[in-house]
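Data first, discussion second: the structure below is written as structure tokens.
We use all heavy atoms of the structure for the numbers below, so side chains are in, but hydrogens, waters and symmetry mates are not.
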Number of protein chains: 2
Amino acid sequence: MAKEKKVSLKDVANAIGVSTALVSIVLNGKAKQYRIGDDMAEKVLKVSKEMNYSPNLIARNLRGGKTQLIGLVVTDISNPFFSSVSRVIENKAIELNYTVIFGSSDENLNNTKNLIEVLLNKGVDGLIIVPCDGSEKLIEKLQERGVPIVLLDRYFPNLNVSFSSLDNFKATELATQHLIDQGYTRISLIAYKSEMNNVTDRILGYEDSMKKAGLGANINIKRVSLINPKPDVNKAIESLINKSKTEAIVFTTNTLSIHGLYCLQDMQVTIPNDVAIVGFDGGDVFDLFYSPITYIEQPYVQIAEEAVTILVNKIKNGEQNKKSMVIIEPKLIVKNSSPKKD
Amino acid sequence: MAKEKKVSLKDVANAIGVSTALVSIVLNGKAKQYRIGDDMAEKVLKVSKEMNYSPNLIARNLRGGKTQLIGLVVTDISNPFFSSVSRVIENKAIELNYTVIFGSSDENLNNTKNLIEVLLNKGVDGLIIVPCDGSEKLIEKLQERGVPIVLLDRYFPNLNVSFSSLDNFKATELATQHLIDQGYTRISLIAYKSEMNNVTDRILGYEDSMKKAGLGANINIKRVSLINPKPDVNKAIESLINKSKTEAIVFTTNTLSIHGLYCLQDMQVTIPNDVAIVGFDGGDVFDLFYSPITYIEQPYVQIAEEAVTILVNKIKNGEQNKKSMVIIEPKLIVKNSSPKKD
DNA sequence: ATATATAATTAAAACGATTTAGCTATATGT
DNA sequence: ACATATAGCTAAATCGTTTTAATTATATAT
């Protein structure tokens, strides 16, 4: 009720009997530059601390155009991968004196567009974006507008826009090669219907490994809806198991892996006896499964931290057009779902 | 690069040849109140649309003290419960024309304090807070300062602060009664070492049910570290199984349930043959477990939506001191981990 | 004809910080 | 002694909005 207003620069200035300019200068560490007397400077520091002054960031922003706010656009904050990524981004941001505003796009172009506008309107200094299908033009325009951006998880190779991402090709290459090494030949892949590079590269990594192993004829890719994958996954797996006699399945995201496990469970298909599995991203579901799941691990901490670092450099140094490209190597974690074939 | 500056009120005003005041008035729907001419009002609307004007929210906030920003303090955004809650809050916020800034406290008082200060500094209009142990004074002061707050997931019964939460007593009551009904008598509980009401109420619900069933002598509560629960859970379960001959375990959070499943897995204890289980919150881990886990379901969507609704009402109507209390009923979802005892 | 009401609009202050240009007093150079 | 340099500080503009009080012109009442 007794809504005490915060102490302002003016309050501090009045308390000492000087101008707000002087206080501002001293507190911004420009005392020398503006040749403020040493004793005066000291006094300002002391009094403003005593009065518990902290600058009004809104006012500072209005004047200077900086909010120390980072906008984060993910596809869904409740997706474990993105909530983990968000946590890392948050921590790194705090470390660098930023705070995160976020929004979820649901892989939808319009949502992405609206969200970005809202975040810019709130005055974010820069954006970390997980771009969705069809957002290339949007991102390009943003970059042209001079907005500091870093793409995360996926990117547009043709754009001059910085990104931090997994080596997606390597990811499925690792998975596929592992299965080949274990003696499987009828290896299939389940991936989203999306033209984003994370999906297409994962497909390429699989195809390439199969071809190099002389298994080009066995390439079998099922593509499922990005928005509502479950029914498609069910259909795909049923077909793979019953028609294609697939020996092993590579899933290209965590969500797909989990839908797959549900489906195989329902079909009473035993892992790994009836089919071998390589999942994506790990998690308790994989480790607590009756047959712990082999998976591709994404070093999401690095991916997320690099994104923040790049963005903050852009913001601070105005490196708007420097294209920083971070591609992190995946790791294969071998468990029980992909044993040597007898 | 060609950082085009946004069109301002002034730009629109100049284009028409009127004052910024007039434009502002019309765009805020106060034309009638200020008796602006109908033709003029129409023209302003038209031109500002043509020029693609959108207000600078920072400036607006500096003047009016509103940012349309909601601060969210959770304990950990990467915890599935809180990431799900965040997603709901985000959606509800957008619907009401707000955006969410968030931070994670890690159940730490100092972090919570710092975070709240940061968020207030960024000018949030109000806060949704998951309070941690020892934060009662902090929250009370905030309320006294006149900051709109709603607590989520946990609350302080003695404070005049609004909250939205699960009926925690009912939750463990449901779980315990279910196990009793199924014929178990040696029922134990695993809970955090925390004095927050969500934990203490869950303990009370269990104790009450046990006593009412004449099983007071069998009450067996293991309390584990909030910060690093894993080793404590392991010790607790080992003791419960080997020493106390427990027949059934009720877990009081999702994280504890999962740690418990890992431990039981390692100990080769079979569920439900060796021990029955009731978990908390559900999730793929429970459903895909070899013996799908019975659990208490928290209607997190309602809990989260109510929190936003209450907060926005506070912000808009200045209902700072109206204490809204929302307590949502849990549901028991019975699966295979708690069968009738033979 | 004079006072008063009403309609339509605007000037200017305010929010709280930063920064540029300028002011005053003392010190230095010649 | 006089111009100039320097040190130390301040006035005022600025960012983009909202709002209060004021202004002008016209209409109505007496």
Side-chain angles (χ1 to χ4, degrees), chain A residues 3-45 47-48 51-69 120-125, chain B residues 3-45 47-48 51-69 120-125:
Chain A
K3 193 119 169 180
E4 332 152 10
K5 50 240 168 253
K6 268 183 48 167
V7 307
S8 69
L9 250 201
K10 203 173 188 174
D11 296 331
V12 177
N14 286 343
I16 311 185
V18 294
S19 72
T20 60
L22 195 159
V23 179
S24 170
I25 287 164
V26 171
L27 293 181
N28 287 322
K30 302 186 178 171
K32 286 280 165 285
Q33 182 186 333
Y34 281 81
R35 40 193 183 199
I36 305 296
D38 288 354
D39 38 357
M40 184 80 265
E42 213 170 316
K43 187 168 188 185
V44 168
L45 255 15
V47 173
S48 65
M51 296 181 69
N52 200 23
Y53 168 76
S54 81
N56 178 321
L57 299 179
I58 315 270
R60 176 179 279 178
N61 174 242
L62 183 56
R63 180 80 230 282
K66 290 275 134 69
T67 44
Q68 301 296 118
L69 238 38
L120 287 175
N121 240 321
K122 303 286 180 186
V124 296
D125 292 342
Chain B
K3 194 118 169 182
E4 334 151 10
K5 51 241 167 249
K6 271 183 45 167
V7 302
S8 69
L9 252 201
K10 204 173 188 176
D11 295 332
V12 177
N14 286 343
I16 311 185
V18 293
S19 71
T20 59
L22 195 158
V23 179
S24 172
I25 288 164
V26 171
L27 293 181
N28 287 324
K30 302 185 177 169
K32 285 278 166 285
Q33 181 187 329
Y34 282 81
R35 42 190 180 201
I36 304 296
D38 288 354
D39 37 357
M40 183 81 266
E42 211 170 317
K43 187 168 187 184
V44 167
L45 256 15
V47 173
S48 65
M51 297 181 68
N52 200 24
Y53 167 77
S54 83
N56 178 323
L57 299 179
I58 307 220
R60 174 180 282 176
N61 173 243
L62 182 57
R63 179 78 229 281
K66 292 274 137 66
T67 43
Q68 300 297 119
L69 240 37
L120 287 175
N121 239 320
K122 304 284 180 187
V124 296
D125 292 342

Q: Describe the nucleic acid contact of A/Lys66 in one word from base, sugar-phosphate, nothing, applying a heavy-atom distance below 4.0 Å.
A: nothing

Q. Looking across every strand, which nucleic acid part, if any, lies under 4.0 Å from A/Gly37 by heavy atom: base, sugar-phosphate, or nothing?
A. sugar-phosphate

Q. To the nearest 10 degrees, how far apart in direction are the end axes of the helix from C/dA1-D/dT30 to C/dT30-D/dA1, each fit to five base pairs?
A. 70°

(Q) Go nucleotide by nucleotide along DNA chain C from the 5' end; which of B/Asp39 and A/Leu9 gets its closest nucleotide reached first? (A) B/Asp39

Q. Between atom CD in B/Gln33 and atom C1' in C/dT6, what is the gap in whole Å?
A. 16 Å

Q.
Using whole Å, what does the distance between atom C1' of nucleotide C/dA17 and atom CG of A/Leu57 come to?
A. 10 Å

Q: Please determine, for the side chain of A/Ile36, which listed nucleotide (D/dC9, C/dT18, C/dT9) has the closest atom?
A: D/dC9

**Q.** Which nucleotide in C/dG16, D/dT17, C/dT18 has an atom nearest any side-chain atom of B/Pro55
**A.** D/dT17

Q. Hey, is the side chain of B/Lys30 poking within less than 4.0 Å of OP1 or OP2 on D/dT19, counting only N and O atoms?
A. yes

(Q) Could you walk me through whether A/Tyr53 and A/Val47 satisfy the side chain to side chain contact (heavy atoms under 4.5 Å, CB included) test, starting with their C-alpha distance in whole Å, then the side-chain angles of each, then the deciding distance to 0.1 Å, before giving a yes or no? (A) CA-CA 9 Å; A/Tyr53 168 76; A/Val47 173; over 6 Å; no

Give every pair of a protein N or O atom and an N or O atom of nucleotides 22-25 of chain C that lie under 3.5 Å apart, one pair per line with the distance.
none

Q) To the nearest Å, how far apart are B/Lys32 NZ and C/dA7 C1'? A) 12 Å

Q | Any side-chain heavy-atom pair of B/Ile25 and B/Val44 under 4.5 Å | A | no

Q.
Main chain of B/Arg60, side chain of B/Lys66: is a donor-acceptor contact present, judged purely on distance under 3.5 Å?
A. no

(Q) Going by the rule side-chain contact (heavy atoms from CB on, under 4.5 Å), which residues pair with B/Asp11 if we only count those two or more places apart in sequence or in a different chain? (A) B/Val7, B/Ser8, B/Met51

Distances for protein N or O near nucleotides 20-29 of chain D N or O, under 3.5 Å:
none

Q: Take the protein atom CG of A/Leu27 and the nucleotide atom P of C/dT19, then report the distance between them rounded to whole Å.
A: 13 Å

Q. Partners of B/Ala59 by side-chain contact (heavy atoms from CB on, under 4.5 Å), sequence neighbours excluded?
A. A/Leu62, B/Asn56

Q: Please confirm whether any donor atom in the side chain of A/Arg63 sits under 3.5 Å from an acceptor in the base of D/dT14, or the reverse.
A: yes

Q: Classify the nucleic acid contact of A/Ser8 as base, sugar-phosphate or nothing, counting any heavy atom under 4.0 Å across all strands shown.
A: sugar-phosphate

Q) What integer distance in Å separates B/Arg60:CZ from D/dG16:C1'? A) 10 Å

Q.
Within the structure provided, determine whether B/Leu69 and B/Asp125 are in side-chain contact (heavy-atom separation under 4.5 Å).
A. no

**Q.** Stepwise side chain to side chain contact (heavy atoms under 4.5 Å, CB included) test for B/Leu57 and B/Thr67
**A.** CA-CA 7 Å; B/Leu57 299 179; B/Thr67 43; over 6 Å; no

Q | Whole-Å gap separating P (D/dG16) and CG (B/Asp11) | A | 8 Å

Q.
Need to verify one output field. Residue with the more 5' nearest nucleotide on DNA chain D, B/Leu22 or B/Ala59?
A. B/Ala59

Q | Nearest heavy-atom neighbours spanning B/Lys122 and A/Gln68 | A | NZ-O, 2.9 Å

Q. In whole angstroms, how far is the C1' atom of C/dC15 from the CG atom of A/Leu62?
A. 9 Å

Q. Side chain of B/Asn56: nearest nucleotide among C/dG16, C/dT18, D/dG16?
A. D/dG16

Q) A/Val12 and side chain to side chain contact (heavy atoms under 4.5 Å, CB included): which partner among A/Val26, A/Val23, A/Val18, A/Leu22? A) A/Val23

Q) Is there a side chain to side chain donor-acceptor pair (under 3.5 Å) between B/Lys6 and A/Asn121 once you walk through the steps? A) CA-CA 10 Å; B/Lys6 271 183 45 167; A/Asn121 240 321; 3.1 Å; yes

Q. Does A/Ser19 make a side-chain N or O approach to OP1 or OP2 of D/dT10 shorter than 4.0 Å?
A. yes

Would you list the atom pairs, donor with acceptor, under 3.5 Å between side chains in residues 29-37 of chain B and any protein atom, with sequence neighbours excluded?
from, atom 1, to, atom 2, distance (Å)
B/Lys32, NZ, B/Asp38, OD1, 3.2

Q. Are A/Pro55 and A/Leu9 close enough that some pair of their side-chain heavy atoms sits under 4.5 Å apart?
A. no

Q: Give A/Asn28 one of three labels, base, sugar-phosphate or nothing, depending on what nucleic acid heavy atoms sit under 4.0 Å from its own.
A: sugar-phosphate

